Amino acid sequence: MAEKYDPVALDRKWQRRWEDAGAAKVDTADGRDKFYMLNMFPYPSGSRLHVGHGRNYILGDALFRRERMAGRRTLNPMGWDAFGLPAENAAIASGVHPREYTLGNIGRMKEQLKSLGLLYDWSKELASCDPAYYRWNQWLFLRMWERGLAYRKTAPVNWCPGCRTVLANEQVVDGRCERSGDLVQIRDLTQWFFRITDYAERLLAGLEGLDWSDRVKTMQRNWIGRSEGAEVFFPVDGLTEPIAVFTTRPDTLFGATFLALAPEHPAAATLAERSPNRAEIGAFIERVRRESRLERESEGGEKEGVATGGTALNPVTGETIPVWLANFVLPDYGTGAIMGVPAHDQRDFEFARKYGIEIRPVYRMTDGPDADRDIDPEAMTEAAPHGGVLAHSGDWDGTPNGPAAIRRAIEWIEEKGFGKGRVGYRLRDWLISRQRYWGTPIPAIHCPACGVVPVPDSQLPVVLPEDVAFQGAEGNPLEQSEAFVATECPGCGGPARRETDTMDTFVDSSWYYLRFLNPADGTKMVDPERAAKWMPVDQYVGGIEHAILHLLYARFICRVLKDLGLVDIEEPFARLFNQGMITKLNPATGKVEKMSKSRGNTISPDDLIERFGADTVRVYTLFIGPPEKESEWSEDGVMGAWRFLQRVHDLCDRVAAGAPEPSEAPADSPLRRLEHRTIERVTADAARFHFHTAVAALMELQRAISEAAAAGSETPGSLRRATETLLKLLHPVAPHLTDEWWERFGNRFFLIDVAWPDFDPVLATSERVTLVVQVNGKVRGKLDIERGASEADVLALAHADEKVRAWVGDKPIARAVYVQDRLLNIVVR
RNA sequence: GCGAGAGUGGCGGAACUGGCAGACGCGCGGGACUUAGGAUCCCGUGGGGCAACCCGUGAGGGUUCAAAUCCCUCCUCUCGCACCA
């Protein structure tokens with residue numbers, strides 16, 4: 001009597017068994033045959049995971065199980081990116097403490113992960129809000145401070161009014177807060193930074209060897225934004241220090257007809273003061289600074305400026321040029337000041353035309369209708385000049401446009417002491433301080449006598465105080481905790497105040513992958529021996545949204561740790577996979593939308609698991625399409641996965657009754673051939689994460705075995721053998737059902753004693769092949785031939801074929817193209 | 001504007017180095033069975049003819065015995081960057 005497939009019972013049974021057996025536990029002291037598989041650790045939010053999140057974890061779990069079956073010591077840990085604003089906002093709204101809120105979410109999310117049959121080494125679980133974890137953020141911060149890599153400065157920074165905190169540049173998207181969507185303002189504040197710019201060159205160089213998508217690598221490259229050029233000094237009348245500008249086109253220096261400073265530039269205020277136009281200039285500075293980042297940085301935005309009345313000396317021409325303040329000059333790129341070359345830069349041109357500043361071309365055309373005439377700035381379509389030779393440029397005249405001209409200009413100005421060659425980066429230092437409670441306290445103390453001093457290592461961790469009121473709080477709740485704030489100076493022992501800023505949560509996530517190797521170690525942040533054995537992470541899986549933020553910070557911190565002697569690698573993630581989103585068709589609009597809580601179109605795996613079991617959700621999620629692309633969720637599609645698993649179950653049931661042992665079918669058994677071909681296909685597909693085609697191959701194998709069983713064309717033993725292979729190959733995708741049948745077939749469960757099957761390349765290729773016969777490139781016949789047949793034999797067979805003969809007729813054969821075992825193309829005139 | 005990627009049946013998608021376009025699944029059409037279950041099973045399913053055949057991978061051109069795949073031009077969509085000097 002056939003037994004019905006009861007997936008819910010199997011889920012319960014096997015999840016329990018795996019957990020009791022510690023199936024995913026790995027001793028990281030032993031690094032032989034290691035494979036480090038890692039999903040980006042999640043933020044434990046209050047809402048349930050939807051199938052879009054599920055895809056990420058299911059894919060990781062399938063990869064983990066496959067590596068394990070291939071015999072590698074595979075580490076697959078899980079932890080929680082547990083600090084962050086949502087918990088604090090929930091506290092403000094409901095009064096529940098962020099810790100309580102976060103721990104509750106962790107508990108629920110963990111259950112949900114387990115319900116999908118995901119296997120993690122929970123003995124290494126960590127949460128970044130745990131003092132045992134974040135003390136090492138503080139330790140790292142102190143080491144960086146000692147080396148000048150952590151520092152405090154007053155600078156124009158991004159302020160999110162919604163989150164009431166400053167943000168890193170990376171967290172500002174289109175001028176808005178990446179989290180809340182509020183328009184970001186620029187404010188002058190004293191903040192803590194990590195000197196990531198010191199690592200710009202290394203971060204750029206390291207991208208070369210990474211097995212990451214070009215997409216992500218390009219994004220990082222653009223973000224770092226390296227450009228070569230020069231810093232040039234312009235003496236300014238009345239200032240003791242010359243103003244430095246950064247330019248990528250020092251070759252156009254003779255065409256610099258004005259200087260423009262960002263309104264935030266330190267010299268701006270000085271120049272304003274001594275100008276008769278003081279009030280107007282002050283108003284301009286104020287107005288620009290109040291603009292949001294979006295307004296300030298939108299291209300094509302109206303260029304505005306104000307003349308300071310001051311003058312500078314163009315060092316190469318010896319001429320006096322006006323000094324302006326301009327809204328399009330950014331305070332935190334280059335030196336915050338530019339030389340204006342209106343003839344050869346689109347922005348400078350617009351500005352100069354608007355304010356009547358001299359436009360002076362320095363390149364002259366050498367060919368075309370305008371040969372021997374200066375380049376016409378009006379006709380220029382691009383910002384930078386291309387072509388022509390230098391003119392009106394003293395010694396430089398006649399130098400052709402190009403890198404050589406730039407090099408020559410740099411040499412020249414260096415020789416004369418007017419400036420020097422320099423590389424500029426778009427990348428800014430990482431602003432890591434946040435004016436919020438739920439994060440790692442920055443281990444610094446403000447002493448009226450000694451200034452800002454580090455907390456000694458012996459006093460770590462600086463623990464977040466619990467007795468803080470959130471509701472109705474103004475500003476950072478930490479400030480109200482007098483018990484926390486009041487302290488004594490470690491230097492002079494006098495009364496002092498603790499820093500109340502906390503760290504960006506991206507600090508937490510920049511090194512957690514190392515902590516999984518020694519999560520309980522209270523004596524050190526990273527265990528260098530284990531790190532040497534286990535790093536880098538062999539396969540990292542996560543969303544594309546971290547292409548810059550997390551992935552750049554982690555690469556930076558890994559290098560810092562290397563320089564501290566804790567790890568011996570620079571790149572933490574050897575291979576990166578970014579899964580695509582899961583979308584949902586909106587029946588009302590007919591449009592495909594991303595699945596998100598705010599749209600209310602999420603599909604929860606929970607009810608699907610209740611009805612069909614975790615394996616159905618897993619099979620469908622992996623079957624839905626290539627995992628790197630976005631895919632559309634379909635309710636009906638789930639039913640296809642469900643039916644497939646039922647058929648597998650029915651097949652196992654039937655086969656188990658037929659034979660107590662597997663046996664080998666003869667080499668010419670079509671089923672055995674298919675079995676080996678399927679192993680080959682699934683192995684290759686899994687290696688490139690294409691479980692959708694792997695599942696398709698397994699569906700074909702299942703059907704073939706079922707048909708052979710119905711037809712009685714194979715012995716019960718060989719049916720059983722093929723079925724066991726099916727179970728092995730299916731295990732990473734559908735672990736509960738396969739473990740169940742593997743056990744019923746008299747074995748122990750998968751992760752302990754099953755190896756990924758090997759295929760015999762001879763068996764994986766069939767003996768006979770269908771060879772296509774074309775006449776003039778069109779298929780006119782098919783021949784069932786022995787593999788390896790000679791061209792002459794095939795040609796003879798083709799000529800004997802009636803249909804082929806009809807098409808060839810008695811026309812002369814111009815040529816015949818033969819592709820072994822594939823095709824014969826007879827070309828006739 | 002710059003950079004990256006993608007356009008294949010009614011739908012999701014296959015086709016690894018050029019060699020039978022549409023595997024597998026959904027949907028749809030037909031049938032079987034009924035323990036009436038979100039049933040299940042079998043057959044069919046690119047379009048036109050309903051046969052021989054012809055036409056088909058965003059559009060147009062090219063290379064080749066042979067192109068979804070390579071080259072050129074163009075169109076559409078998605079993503080990233082964008083006043084970075």
Side-chain angles (χ1 to χ4, degrees), chain A residues 4 173-174 213-223 225-227 229 245-249 252 260 296-303 326-330 332-341 345-348 350-351 381-384 424-428 544 547-548 585 611-612 619-620 623-626 628-644 646-647 650 681 684-685 688 690 692-700 703 706 710 770-779 781-782 803 806 814-819 821-828:
Chain A
K4 261 196 117 168
V173 178
D174 292 335
S213 69
D214 286 339
R215 185 178 172 198
V216 174
K217 289 205 266 189
T218 306
M219 281 166 75
Q220 292 222 351
R221 224 170 261 132
N222 290 343
W223 188 262
R226 182 181 198 277
S227 50
V245 305
F246 177 68
T247 174
T248 57
R249 297 303 303 256
T252 62
R296 179 77 178 270
E297 292 190 8
S298 63
E299 189 175 4
E302 185 63 24
K303 288 177 183 43
N327 64 346
F328 70 94
V329 181
L330 303 174
D332 51 358
Y333 181 76
T335 58
I338 60 156
M339 64 181 203
V341 186
D345 181 283
Q346 191 63 38
R347 295 157 301 182
D348 298 349
E350 280 174 40
F351 190 78
T381 51
E382 297 211 16
Y425 298 94
R426 209 187 80 107
L427 182 71
R428 319 288 159 84
I544 191 81
I548 303 211
L585 184 74
R611 283 188 284 171
F612 306 112
V619 168
Y620 181 62
F623 186 63
I624 191 168
E628 67 276 12
K629 282 179 60 178
E630 65 176 44
S631 306
E632 190 187 320
W633 189 266
S634 131
E635 292 288 329
D636 291 324
V638 177
M639 298 309 293
W642 164 244
R643 279 194 281 270
F644 168 57
Q646 279 190 93
R647 285 195 295 266
D650 292 345
R681 279 175 70 185
D685 288 345
R688 50 183 188 134
H690 281 197
H692 64 305
T693 49
V695 170
L698 293 172
M699 286 170 166
E700 288 180 66
R703 182 159 307 257
S706 296
T770 303
L771 187 129
V772 173
V773 182
Q774 298 180 336
V775 178
N776 285 351
K778 298 219 184 245
V779 180
K782 287 177 187 180
K803 257 176 78 181
R815 63 186 289 198
V817 181
Y818 180 61
V819 183
D821 298 332
R822 277 182 181 274
L823 157 144
L824 175 72
N825 188 9
I826 301 168
V827 185
V828 298

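Every value quoted in this text rests on a predicted model; they were computed, and no experiment measured them. Numbers restart at 1 for each chain; the letters A, B, ... are given by sequence-line order, proteins then strands.
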Between A:N776 (side chain) and A:V828 (backbone), is there a donor-acceptor pair under 3.5 Å? yes
Give the minimum heavy-atom separation between A:T252 and A:M339, together with the two atoms involved. OG1-CE, 3.8 Å
Between B:rA23, B:rC55, B:rA85, which nucleotide gets closest to the side-chain atoms of A:T693? B:rA23
Checking A:W633 against A:Y620 for the ring pair (Phe, Tyr, Trp, His ring centres under 6.0 Å) test, could you report, in this order, the C-alpha distance in whole Å, the side-chain angles of both residues, the deciding distance, and whether it holds? CA-CA 9 Å; A:W633 189 266; A:Y620 181 62; 4.8 Å; yes
A:F623 and A:M699: CA distance, side-chain angles, deciding distance, side chain to side chain contact (heavy atoms under 4.5 Å, CB included) verdict: CA-CA 11 Å; A:F623 186 63; A:M699 286 170 166; 4.1 Å; yes
Quiz item: A:R428 side-chain donor-acceptor pair to B:rC84 base, under 3.5 Å: yes
Going by purine N1 to pyrimidine N3 plus the second Watson-Crick contact, or the G-U wobble pair, all under 3.5 Å, which nucleotide sits opposite B:rA52? none
Within this structure, what is the OH-to-C1' distance between A:Y333 and B:rC81, rounded to whole angstrom? 14 Å
Between B:rA21 and B:rA68, how far is it from one C1' atom to the other, in whole Å? 8 Å
Any strand: nucleotide that pairs with B:rG80 via Watson-Crick or wobble, under 3.5 Å: B:rC2
For nucleotides 62-69 of chain B, which of its nitrogen or oxygen atoms have a protein nitrogen or oxygen under 3.5 Å away, and what is each distance?
unit_1 : atom_1 : unit_2 : atom_2 : d
B:rC65 : OP1    : A:R815 : NH1    : 2.8
B:rC65 : O2'    : A:N825 : ND2    : 3.1
B:rC65 : O2     : A:N825 : ND2    : 2.7

What is the distance, rounded to the nearest whole Å, between atom CZ of A:R688 and atom C1' of B:rU17? 13 Å
Select one nucleotide: of B:rA85, B:rG25, B:rA82, the one nearest the side-chain heavy atoms of A:R426. B:rA82
Could you measure between the two C1' atoms, the one in B:rG25 and the one in B:rU35, and give it in whole Å? 28 Å
Nucleotide forming a Watson-Crick or wobble pair with B:rA15, both distances under 3.5 Å: none
Base, sugar-phosphate, or nothing for A:V245, non-hydrogen atoms under 4.0 angstrom? nothing
Considering every strand shown, what is the Watson-Crick or G-U wobble mate of B:rU45 when both distances are under 3.5 Å? B:rG27
N-glycosidic conformation, B:rG9 - syn within 90 degrees of 0, else anti: syn
Counting any heavy atom closer than 4.0 Å, what does A:R647 reach on the DNA or RNA strands: base, sugar-phosphate only, or nothing? sugar-phosphate
Answer yes or no: are there more than 12 heavy-atom neighbours, outside A:R221 itself, under 6.0 Å from its atom CZ? yes
Rounded off to whole Å, could you give me the CD-to-P distance for the A:E632 and B:rU78 pair? 15 Å
A:R681/A:E700 under salt bridge (charged side-chain N to carboxylate O under 4.0 Å, His left out): CA gap, chis, key distance, verdict: CA-CA 12 Å; A:R681 279 175 70 185; A:E700 288 180 66; 3.5 Å; yes
Roughly how far, to the nearest 0.5 Å, is the CZ atom of A:F351 from the CD atom of A:E302? 10.5 Å
Phosphate contact (B:rC55 OP1 or OP2) by A:K778 side-chain N/O below 4.0 Å: yes
On a whole-Å scale, what distance lies between the P atoms belonging to B:rU17 and B:rC70? 9 Å
Using whole Å, what does the distance between atom P of nucleotide B:rC26 and atom CH2 of A:W633 come to? 15 Å
Using whole Å, report how far CD1 of A:I544 lies from P of B:rC79. 12 Å
Checking N1-N3 plus N6-O4 or O6-N4 for Watson-Crick, or N1-O2 and O6-N3 for wobble, each under 3.5 Å, the partner of B:rC33 is none
B:rA85, B:rA14, B:rC20: which one has an atom nearest the side-chain heavy atoms of A:T248? B:rA85
A:S634 vs A:G336, nearer the 5' end of RNA chain B by closest nucleotide: A:S634
What does the B/S/- profile of nucleotides 2-10 of chain B look like, 5' to 3', with a 4.0 Å heavy-atom cutoff to protein? -S-------
Tightest non-hydrogen contact, residues A:V341 and A:D348, listed as N-OD2, 2.8 Å
Looking at B:rC70, which nucleotide sits across from it as a Watson-Crick or G-U wobble partner, both distances under 3.5 angstrom, or is there none? B:rG62
Taking the P atom in each of B:rG61 and B:rA15, what is the distance between them to the nearest angstrom? 29 Å
Proximity to RNA chain B (any heavy atom under 4.0 Å), residues of residues 636-644 of chain A only: A:D636, A:M639, A:G640, A:R643
Taking only the P atom of each, what is the distance from B:rG7 to B:rA59 in whole angstrom? 13 Å
Among the candidates B:rC84, B:rA23, B:rG25, find the nucleotide nearest to the side-chain atoms of A:R703. B:rG25
Under 4.0 Å: is that the gap between some side-chain N or O of A:H692 and OP1 or OP2 of B:rA14? yes
Whole-Å C1' distance, B:rC33 and B:rC42: 11 Å
The residue, A:K782 or A:W223, whose nearest nucleotide of RNA chain B is more 5′ is A:K782
Residue A:T247, side-chain atoms from C-beta onward, closest of B:rA14, B:rG80, B:rA85: B:rA85
Show your working on side chain to side chain contact (heavy atoms under 4.5 Å, CB included) between A:L771 and A:L824 and close with a plain yes or no. CA-CA 7 Å; A:L771 187 129; A:L824 175 72; 4.0 Å; yes
Please determine, for the side chain of A:Q646, which listed nucleotide (B:rG12, B:rU40, B:rA85) has the closest atom? B:rU40
Using the P atom as the point on both nucleotides, what is the distance between B:rA51 and B:rG46, in whole Å? 15 Å
Work out how far the P atom of B:rC41 is from that of B:rG58, and round it to whole angstrom. 35 Å
Of all the choices, B:rA85, B:rG25, B:rC83, which nucleotide is nearest to the side chain of A:M699 once you look at every atom? B:rG25
